[in-house]
Amino acid sequence: MISAEPYGPELSSIRDVSRVRHSGSGLARLIVRTRFGRFRELTSAMNVRLNQAQVPSGAPRRAATVALWLLAQLTLSAHAGPNEQAKRIYERIAGEPPPASALTQMSAAITATPGQQGLLNAAAIATSAPSFYNVTVKNLVVPWTNRDQTVFAPLNDYAATVIGMARDDVAFNTALSDDILYTVNAPGLPAPSSANNDHYATAEANGVDLSAALKRTTQSGAYGTPAQATAGLITTRGAASAFFINGTNRAMFRFTMIDHLCHDMETVMDITRPADRIRQDVARSPGGDSRVFLNTCVGCHSGMDPMAQAFAYYNFDATAGQLVYTPNQVQPKYLINAANFPFGFVTPDDSWANRWRAGSNAFLGWDPTLPGSGNGAKSLGQELASSDAFAQCQVTKIFQAVCFRAPASAADQATVATVKASFKSGGYRLKQVFQLSAAACPGQ
């Protein structure tokens, strides 16, 4: 049964919609319900405006026709057959309508094996589409590479590496620690360089098919970064230029938490952690009031500063345009503004410790087989990527990208938990998460 709000009457068929009285502003708020849950406002997707003062007199009739068509599509989704499910899965994964051959294959796969496995088989066909890598995965990851978190940023080595790892089923829990890099193997491109992004920007401008042209290599081989200093995405040029530039290197820690554990500092504040490793640059009485530090600042810095110490030997040289690594030499940025609190922590090396293994942030699910401390970015990356929050974050983001909704309902949360378990037990393969997520919402 379909009902419409805010009008109230239940509509037993699409035809009944025509009997609903509506004004321009009323239709703009029409919300459709089905037994599968609540859909977005129709006009949020269509950007329909029915203010009769702003549109021609025929617009309400045309908009009503659009609304009726959308309602019909929602009804079809609720009772989707193999063809409709195949089309939906392909569009969600590949970001475009399926070619006839793919639609036939996927529909046959769903029919041949009824149930979840048939949907998964169909989703596997969709993830072979070039646009899955060139559009869907790329648009998912590009916002991770910049501080504005915008998709409107150039392709870089960070994004290309994630796309390549997804294509090749490389275990994604190595993404923050491995000596890994993907370059583009195509004619007419500048060579990969640690000093500029020309290689990737030109590939994007030339419309190179990343699904075919990406080639796995190493940062140590392509850029000359010492192998022990490589830490996967953290030490790509794209990440370094965004998060190691200027500042205090806390940005790298913060954005790694946002992008890979789905938590910003406000959600992991814990004022119960020891403050002994908070650096000198953090004032202990901001504005002359020590309560601000004790009840606010310490909540983030007591956990962040001991872990961000892993980046003590890194900097991004904006003039040279490249990552700088100074083994056994702490970057000056770690010692700035010492007069703010002279008795604060003075960084001696790149040793780090995870104070969040205890206290309220134990909920992030730290791996008990790891020591929770170490030296350098590589071991910190292992600590972060081995957490349950890391797996939860990847699955949640992909579910939302594929199903076009956050997993808010109990059913969706159960689906995410199941997909996360498969992600962790199945080798941390991103492509599998896309397939499982698409199979979970083929007609919703």
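Numbering of residues begins at 1 and proceeds along the displayed sequence.
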*Hey, does the side chain of Asp367 reach the backbone of Thr369 with a donor-acceptor pair shorter than 3.5 angstrom?*
yes

*Just by distance, do the side chain of Asp209 and the backbone of Pro130 share a donor-acceptor pair under 3.5 Å?*
no

_Donor-acceptor pair, distance only, cut-off 3.5 Å: does the side chain of Tyr313 make one with the backbone of Asp349?_
no

*Do the side chain of His199 and the main chain of Val184 share a donor and acceptor less than 3.5 angstrom apart?*
yes

_From Val402, Thr396, Val395, residue fulfilling side-chain contact (heavy atoms from CB on, under 4.5 Å) relative to Ile398_ = Val402

_For the residue pair Thr347 / Gln309, report whether a side-chain donor-acceptor contact shorter than 3.5 Å exists._
no

_Looking at Glu204 and Leu155, would you say the former's side chain and the latter's main chain have a donor-acceptor pair under 3.5 Å?_
yes

*Before accepting this row, confirm whether a basic side-chain N of the pair Arg216/Asp168 lies closer than 4.0 Å to the acidic partner's carboxylate O.*
no

*Sequence neighbours left out, what passes side chain to side chain donor-acceptor pair (under 3.5 Å) with Asp198? Give chain and number order.*
none

*Keeping the roles fixed (side chain from Ser241, backbone from Gly238), state whether a donor-acceptor pair exists under 3.5 Å.*
yes

*Using the side chain to side chain donor-acceptor pair (under 3.5 Å) rule, take Thr127 and Gln435 through it: C-alpha gap first, then chi angles, then the decisive distance, then the call.*
CA-CA 7 Å; Thr127 53; Gln435 294 167 357; 2.9 Å; yes

*For the side chain of Gln394 and the backbone of Phe390, is there at least one donor-acceptor N/O pair under 3.5 Å apart?*
yes

_Donor-acceptor contact present, side-chain Arg277 to main-chain Asp305, <3.5 Å_ = no

*Check for a donor-acceptor pair, side chain of Lys378 on one end and backbone N or O of Ser177 on the other, with a separation under 3.5 Å.*
yes

*Check: Thr104 main-chain N/O paired with Ser107 side-chain donor or acceptor under 3.5 Å*: no

*So, for Phe311 and Phe244, is the gap between ring centers shorter than 6.0 Å?*
yes

*Compare every heavy atom of Tyr182 with every heavy atom of Thr161, then report the nearest pair and how far apart it is.*
OG1-N, 3.2 Å

*Shortest non-hydrogen separation from Gln331 to Tyr314 and the atoms involved*: CG-O, 3.3 Å

